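Below you'll find the structure, written out as structure tokens, and then a few comments.
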Amino acid sequence: MLQVFNTLTRTKEPFKPITPGEVKMYVCGPTVYNYIHIGNARSAIAFDTIRRYFEYRGFKVDYVSNFTDVDDKMIKRAKEDQTTVPAIADRFIKAFMADTEAVNIEPATAHPRASENIPEIIDFIKILIEKGYAYESDGDVYYRTRKFKAYGQLSDQRIDDLEVGASQHTADEETDRKEDPIDFALWKSAKPNEIAWPSPWGAGRPGWHIECSVMSTKYLGDNFDIHGGGQDLEFPHHENEIAQSEAKTGQKFANYWLHNGFVTVGDENEKMSKSLGNFVTVHDIIKQIDPQILRFFMATTQYRRPIQYSQKNLDEAANNLSKLQNAYRNLAYRLKDAQAGDDTAVQGQRQALIDRFVTAMDDDFNVQNGIAAVYELAKLANVYASQTTVQTTTIQALQQTLATLVSVFGVKLAANTPELADDDIQAMIDEREAARKNKDFAKADQIRDDLKAQGIVLEDTPQGVRFRKD
């Protein structure tokens with residue numbers, strides 16, 4: 001039975017979707033004022049991996065992830081670049097889509113933008129005012145936090161212990177306009193030369209928290225299965241989303257709350273920040289390393305655990321991914337001389353490893369135990385591929401299973417076979433073989449080194465020489 005850790009109850013619970021066979025899932029997306037950093041990528045990759053596992057288990061996933069495209073940071077960036085907020089948003093949404101495609105994140109079912117939902121946001125706020133959960137003050141609209149009796153349940157905080165600035169966006173000048181210091185903004189009145197929309201309370205723009213309440217319920221309904229995001233969003237963002245949404249609808253907002261762990265940088269586990277000079281964007285990383293390595297590195301750490309981003313850990317991920325890729329290529333190479341038939345003993349071992357994988361992943365998406373089963377599958381594949389005689393059905397089953405399980409982590413395996421070699425490479429391989437037969441090992445080694453310099457790695461196997469392109 002698939003179980004998930006629900007932040008709201010702080011326990012693992014059996015996952016029971018609202019509609020059998022379907023998952024409705026909302027994940028908070030980035031504020032698009034810059035390229036996404038590895039913290040943003042960690043969340044996107046973690047929940048994409050969760051989505052892929054649901055799909056592997058046969059669920060139809062309706063996955064919604066938003067763009068916050070109107071915000072204080074957006075306004076500041078537009079002023080710095082002497083352009084408009086929409087231009088900044090368009091630029092970095094395009095960059096987001098390119099960077100996430102590079103690390104093989106599936107596009108969301110819907111990627112709504114806050115600026116495209118202003119009428120819905122205004123209507124949402126109107127209802128909260130009518131119900132007494134919100135009030136207007138000098139062109140701003142605030143939420144009466146104390147009126148929502150369950151406030152603090154998600155983040156395990158008592159409302160009486162909260163201090164001024166609970167929304168992390170409260171400026172000192174706002175305090176006098178509030179009934180209570182812990183109330184948070186639903187609508188902000190426009191300042192001179194800021195982007196704004198007309199509203200019943202005057203020109204202004206939405207607060208950060210109201211955007212996700214509106215977009216999630218618009219696309220997934222008043223009650224949906226899973227709401228996800230980083231641990232840093234538990235309070236106040238997700239706490240405020242619950243308060244707003246449940247006050248408006250009278251229904252439970254999301255049944256399960258999933259939060260991914262933080263990312264630290266370097267061997268000293270430093271928190272990522274621009275002031276420390278360790279701020280790392282995906283845009284820059286994928287210019288330096290294979291995006292699949294970054295994807296594999298992040299996808300193979302259980303989503304609730306912290307990730308240490310370091311060269312050492314990237315190198316380890318690259319090495320492990322290479323082993324899986326080579327196992328897949330070994331199977332592809334042996335397929336050409338496989339005999340008809342099936343090896344039932346090996347098939348039984350394969351199925352046992354599939355079962356291990358599912359058991360691990362069903363336990364709150366325990367990818368570390370899941371990938372351990374995949375590594376064992378790769379070992380099984382290598383042992384079988386090294387046998388003198390192999391059977392077609394078994395080779396194909398091992399190959400298909402390895403590719404499928406690895407794809408849950410968002411990684412694609414590819415078979416580079418000798419048939420892909422051009423004439424020059426094949427001629428060099430033949431020349432090396434002739435040198436070895438003549439015991440001219442210096443020449444044979446030189447040819448190997450020359451090929452390696454061109455990204456061609458030779459592998460001597462009992463079945464002959466083959467190559468792969470690194």
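For the numbers below, each heavy atom of this structure counts, side chains included, while hydrogens, waters and symmetry mates do not. Not measured: the values here are computed from a predicted model.
Counting non-hydrogen atoms of other residues, nucleotides and ligands closer than 6.0 Å to CG of Asn319 gives a total above 12. Within a 6.0 Å sphere centred on CD of Glu101, heavy atoms belonging to other residues, nucleotides or ligands number 12 at most. For NZ of Lys412, the number of neighbouring non-hydrogen atoms (other residues, nucleotides, ligands) closer than 6.0 Å is 12 at most.
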Step-by-step side chain to side chain contact (heavy atoms under 4.5 Å, CB included) determination, Leu377 to Arg350: CA-CA 7 Å; Leu377 179 66; Arg350 179 185 69 88; 4.1 Å; yes

Apply the test side chain to side chain contact (heavy atoms under 4.5 Å, CB included) to residues His283 and Ile36: give CA-CA distance (whole Å), side-chain angles for both, the deciding distance (0.1 Å), then the verdict. CA-CA 7 Å; His283 190 74; Ile36 59 169; over 6 Å; no

What verdict does the ring pair (Phe, Tyr, Trp, His ring centres under 6.0 Å) test give for Tyr135 and Tyr143, after you've listed the backbone C-alpha separation in whole Å, the side-chain angles of each residue and the deciding distance to 0.1 Å? CA-CA 7 Å; Tyr135 59 93; Tyr143 184 90; 9.4 Å; no

Steps toward ring pair (Phe, Tyr, Trp, His ring centres under 6.0 Å) verdict (Phe184, Tyr142): CA-CA 5 Å; Phe184 59 88; Tyr142 296 99; 9.0 Å; no

Kindly indicate, with the supporting measurements, whether the criterion ring pair (Phe, Tyr, Trp, His ring centres under 6.0 Å) is fulfilled by His238 and His209. CA-CA 8 Å; His238 290 165; His209 313 298; 9.6 Å; no

Salt bridge (charged side-chain N to carboxylate O under 4.0 Å, His left out), that's the test. Do Lys252 and Glu246 meet it? Break it down for me. CA-CA 6 Å; Lys252 189 173 185 178; Glu246 296 188 2; over 6 Å; no

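Remark: aromatic rings of Tyr219 and Tyr63 are distant, center separation not under 6.0 Å.
Thr281 and His37 form no side-chain donor-acceptor contact under 3.5 Å, judged by distance and modelled atom types alone. Between Asn240 and Gln244, the side chains place no donor N or O within less than 3.5 Å of an acceptor N or O (distance only, hydrogens not considered). No side-chain N or O of Arg52 forms a donor-acceptor pair with one of Tyr56 less than 3.5 Å apart. One side chain, Glu239 or Ser155, offers a donor N or O that lies under 3.5 Å from an acceptor on the other. Gln288 and Asp284 are not linked by any side-chain donor-acceptor pair at a separation below 3.5 angstrom, with hydrogens and angles left out of the test. Using modelled atom types, one finds a donor on one side chain and an acceptor on the other under 3.5 Å when comparing Gln302 with Asp364.
Under a 4.0 Å N-O distance rule, the pair Arg146/Asp183 does not qualify as a salt bridge. By the 4.0 Å N-to-carboxylate-O rule, Asp81 lies close enough to Arg91 to be salt-bridged with it. Using a 4.0 Å cut-off between charged side-chain N and carboxylate O, Lys188 and Asp71 make no salt bridge. Salt bridge Arg177/Asp140: present, at least one basic N to carboxylate O contact under 4.0 Å. Using a 4.0 Å cut-off between charged side-chain N and carboxylate O, Lys218 and Glu120 make a salt bridge. With respect to the salt-bridge test (charged N to carboxylate O, under 4.0 angstrom), the residues Lys76 and Asp72 do not qualify. Using a 4.0 Å cut-off between a side-chain N of Lys or Arg and a carboxylate O of Asp or Glu, Lys312 and Glu316 do not qualify as a salt bridge. Note on Lys379 versus Glu376: salt bridge recorded, some NZ/NE/NH1/NH2 to OD/OE distance being below 4.0 Å. Salt bridge status for Asp290 with Arg295: absent, with no side-chain N to carboxylate O gap under 4.0 Å.
Considering only heavy atoms from C-beta on, Met298 stays 4.5 Å or farther from Asp48 through its side chain. Side-chain contact check for Ile210 versus Glu241: every heavy-atom pair is 4.5 Å or farther apart. With contacts defined as side-chain heavy-atom distances shorter than 4.5 Å, the pair Tyr35/Phe96 does not qualify. Residues Arg77 and Asn34 meet the side-chain proximity criterion, which asks for heavy atoms closer than 4.5 Å. When side chains are defined from C-beta on, Ile289 counts as touching Leu294, because their heavy atoms get closer than 4.5 Å. For the pair Ile50 and Leu258, the minimum side-chain heavy-atom distance is below 4.5 Å. Side-chain contact check for Tyr384 versus Ile395: some heavy-atom pair is nearer than 4.5 Å. Between Gln368 and Arg305 there is a side-chain heavy-atom pair separated by less than 4.5 Å.
The side-chain hydrogen bond (donor to acceptor under 3.5 Å, both in side chains) test with Tyr26 singles out one residue from Asn66, Thr217, Asp225, and that residue is Asn66.
In this structure a side-chain-to-backbone donor-acceptor pair under 3.5 Å is missing from Ser407 to Gly410. Formation of a donor-acceptor pair under 3.5 Å by the Asn369 side chain with backbone atoms of Asn366 is not found in this model. The main-chain N or O of Phe253 is never found under 3.5 Å from a side-chain atom of Ser245 such that the two would form a donor-acceptor pair. A donor-acceptor pair is defined here as one N or O able to donate and one able to accept, closer than 3.5 Å; no such pair exists between the side chain of Tyr33 and the backbone of Val70. The main-chain N or O of Met97 is found under 3.5 Å from a side-chain atom of Thr100 such that the two form a donor-acceptor pair. A distance-only check finds a donor-acceptor pair linking the side chain of Asn6 to the backbone of Trp257 [under 3.5 Å]. Under a 3.5 Å cut-off, the side chain of Gln349 and the backbone N or O of Ala352 do not form any donor-acceptor pair. Judged by distance alone, the side chain of Ser310 and the main-chain N or O of Asn313 form a donor-acceptor pair under 3.5 Å. Judged by distance alone, the side chain of Arg356 and the main-chain N or O of Gly370 form no donor-acceptor pair under 3.5 Å. Of the possible donor and acceptor atoms, one in the side chain of Asp69 sits under 3.5 Å from a partner among the backbone N and O of Ser115.
Here the straight-line distance linking atom CD1 of Ile88 with atom CD1 of Ile195 works out to 11.5 Å at 0.5 Å rounding. Expressed to the nearest 0.5 Å, how far OG1 of Thr109 lies from CE of Met25 amounts to 10.5 Å. To the nearest 0.5 angstrom, Leu398 atom CG is 11.5 Å from Asn330 atom CG. Here the OH-CD distance, from Tyr256 to Gln3, works out to 10.0 Å after rounding to the nearest 0.5 Å. Atoms CD1 and CG, on Ile226 and Leu220 in that order, are 11.0 Å from each other to the nearest 0.5 Å. Between Arg51 atom CZ and Asp62 atom CG the span is 9.0 Å, to the nearest 0.5 Å.
Residues Pro198 and Ile122 approach most closely at O-CD1, 3.5 Å, considering heavy atoms. For the residue pair Phe297 and Ile307, the shortest heavy atom distance occurs at CZ-CG2, 3.5 Å. Closest non-hydrogen pair, Asn382 versus Ala327, comes out as OD1-CA, 3.3 Å. Closest approach of Arg113 to Ala89, counting heavy atoms only: NH2-CB, 3.6 Å.
By the 30° and 60° cut-offs, the orientation of the rings of Phe15 relative to Phe59 is perpendicular.
Because its NZ or CZ atom is both nearer than 6.0 Å to the ring centre of Phe124 and within 45° of the ring axis, Lys248 counts as a cation-pi partner of that residue. In this structure, Arg304 is positioned above the aromatic face of Phe5, its NZ or CZ under 6.0 Å from the six-membered ring centre and within 45° of the axis.
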